[in-house]
There are 2 protein chains.
Amino acid sequence: MKKTLHETIRTDMEAAILSGALAAGERLPTEADLMEQYGCSRMTVNKAISALVAASLVERRKKAGSFVARPKMHSMVLDIPDLEAEVLQRRQRYAFHLLSREIRLADPQKEYEQQLSGGEALLVLTGLHLADGQPLAFEERSVSLAAVPDMAQQGFELISPGAWLLKHVPWTEAETRIAAVNAAPEVARHLDQDVGTACLYIERRTWRGEAGVTWVRQHFIGKDYDLIAHFGPARSGGAI
Amino acid sequence: MKKTLHETIRTDMEAAILSGALAAGERLPTEADLMEQYGCSRMTVNKAISALVAASLVERRKKAGSFVARPKMHSMVLDIPDLEAEVLQRRQRYAFHLLSREIRLADPQKEYEQQLSGGEALLVLTGLHLADGQPLAFEERSVSLAAVPDMAQQGFELISPGAWLLKHVPWTEAETRIAAVNAAPEVARHLDQDVGTACLYIERRTWRGEAGVTWVRQHFIGKDYDLIAHFGPARSGGAI
DNA sequence: CAGTGGTCTAGACCACTGA
DNA sequence: CAGTGGTCTAGACCACTGA
């Protein structure tokens, strides 16, 4: 793998920072210094340092110079694994089992349904994600038919609603809430667990521009499922 | 707020993509087109489009051109709130209560302790995070004294171990596992909850370069705490 | 007020790859 | 094989801000 010049400069500086040779708060060489050191133009140096700024490893101050940033763990990158892929990776069979399906207007009592529907009908589904026939997660989902009219025709025998949406709808924004709850009787029954079993509860809303697309609640059996988040320079691609 | 030229081009393209005027898979104007359209040099266009590539909104293919990327929800940005700040925001008093403190060698039976210690002693702590005097989370932490020798002198009456580490140690990498568990008897007792109460379980390992810094397990009372993750163009700064 | 980074130009040569 | 993006140069003017 041949490295470009700005990558070389970038990784050299990165290595110096991660090894501690350049400690947090210390000043990097100026762009002029690096131009001379690498025998290149200023644009090339600038590109290298800009990448480090984008990665929050460096902060720049005019007149003063560029400095090693102190890492701030304000956020981490949360992997959102594809459920089917993850089950297959465990060498188990994956299946989605549709439990109920309904097309109806938004409940005026429920604020989130009003927001999602945009005045049109909702497709309301419940179902189970199965691994080797055993329940892994119970899912309750509402889909805006205003945003996704095609979804009314789907059967979801071969593909889960989530996977279908992923494939067919270009969303732009999503928000996920993660919590731990004791399984309520209905949830416990669907998951074939005792009432009160700890479940990882994931609630996600998805938008396309201003319009809501879908709103989903999932209960995962706590002992069978967890989430992983990372922080660090070994990040896996543009996490937006 | 005056926009620079490359920011103008970037936001123009971004708006076209998010509004749907440029749908997923469609081709953007070539760099030559944009040079003419904005009357600028190619470097400026390139910088604008490169930013969109970094944000995963655009993919480039040589000879073919630049295309609107289909969003892939492989990862989201998980907010890691500062516990003390969050408690204060609820208008409650925050406190950390140290339950135990021990300096000892790594247990040869426990792989993670071996990895963390680097052969040196560990500082092993347990404690409670309190909101208005009520337990919010039970924490078990091991700290590598090889990486953080100063920590042995701390009392943690005024500041929690996590906050102290955040302030004094420049780590570079972290990994967090998030799960739901039923409270074991010891955890339930510390949290003043019934045995079996659903807890959000967070386990985090932190490194500085190759050396482990700390390893922490936290049990949060499920009904009192949750986590939020985001995906979308309205991202909050360089999430690495 | 001088040194720093921020931005931009008008070129250049190149590698890749789809038509 | 021609059009695309990838990279780089050698300059330029500017805004900001710490000494």
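In what follows, chains are A, B, ... by sequence order, proteins preceding strands, each numbered from 1.
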request  = Check whether any side-chain N or O of B:Lys47 sits under 4.0 Å from OP1 or OP2 of C:dT7, and answer yes or no.
outcome  = yes
query = Are A:Arg61 and D:dT17 close enough that a side-chain N or O sits under 4.0 Å from OP1 or OP2?
reply = no
ask   = Which whole-number value in Å describes the distance from A:Tyr38 OH to D:dA10 C1'?
value = 20 Å
note = Judged by nearest nucleotide, the residue sitting upstream toward the 5' end of DNA chain D, A:Met43 or A:Lys63, is A:Met43
ask   = Quick one: is B:Thr44 getting a side-chain N or O under 4.0 Å of the C:dT7 phosphate, OP1 or OP2?
value = no
task = State plainly whether the residues A:Arg205 and A:Glu175 are in salt-bridge range, i.e. N to O under 4.0 Å.
result = no
remark   = Nearest-nucleotide check on DNA chain C, B:Cys40 vs A:Pro29; residue mapping nearer the 5' end is A:Pro29
key: A:Leu5 or A:Arg42, whichever maps to the more 5' nucleotide of DNA chain D   = A:Leu5
key: Length of the line joining A:Leu34:CG and C:dG5:C1', which is rounded to integer Å   = 12 Å
inquiry  = My understanding is that only one of B:Thr8, B:Thr44, B:Asp12 makes a side-chain hydrogen bond (donor to acceptor under 3.5 Å, both in side chains) with B:Tyr38; could you say which?
reply    = B:Asp12
ask   = For the pair made of CZ in A:Arg27 and P in C:dG5, what is the distance, rounded to whole Å?
value = 6 Å
key: Side chains of B:Glu113 and B:Ser142 in contact at under 4.5 Å (non-hydrogen atoms)   = yes
query = Which atom names give the shortest non-hydrogen contact between A:Asp226 and A:Leu200, and what distance separates them?
reply = CA-CD2, 4.4 Å
task = Please determine if a side-chain N or O atom of A:Asn46 lies less than 4.0 Å away from the OP1 or OP2 oxygen of C:dG6.
result = yes
task = Can you tell me the distance, in whole Å, between the CD1 atom of B:Ile9 and the P atom of C:dT9?
result = 8 Å
inquiry  = Can you tell me the base-pairing partner of C:dT17? Count Watson-Crick or G-U wobble geometry only, both distances below 3.5 Å, and say none if there is no partner.
reply    = D:dA2
ask   = B:Thr30 side chain: which of D:dT4, C:dC8, D:dT7 is closest?
value = D:dT4
ask   = Is there a Watson-Crick or G-U wobble partner for D:dA10 with both distances under 3.5 Å, and if so, which one is it?
value = C:dT9
key: Value in whole Å for how far the C1' atom of D:dG3 lies from NZ of B:Lys62   = 13 Å
request  = Could you tell me whether the phosphate oxygens of C:dG6, OP1 or OP2, come under 4.0 Å of any side-chain nitrogen or oxygen in B:Thr4?
outcome  = no
ask   = What is the distance from NZ of A:Lys3 to C1' of D:dG6, rounded to the nearest Å?
value = 17 Å
Atom-to-atom span, CZ of A:Arg60 to P of C:dT4 - whole angstrom = 13 Å
task = Can you label the angle between the A:His129 ring and the A:Tyr94 ring as parallel, tilted or perpendicular, going by 30° and 60°?
result = tilted
ask   = How long is the line joining CZ of A:Arg10 and P of D:dC8, in whole Å?
value = 13 Å
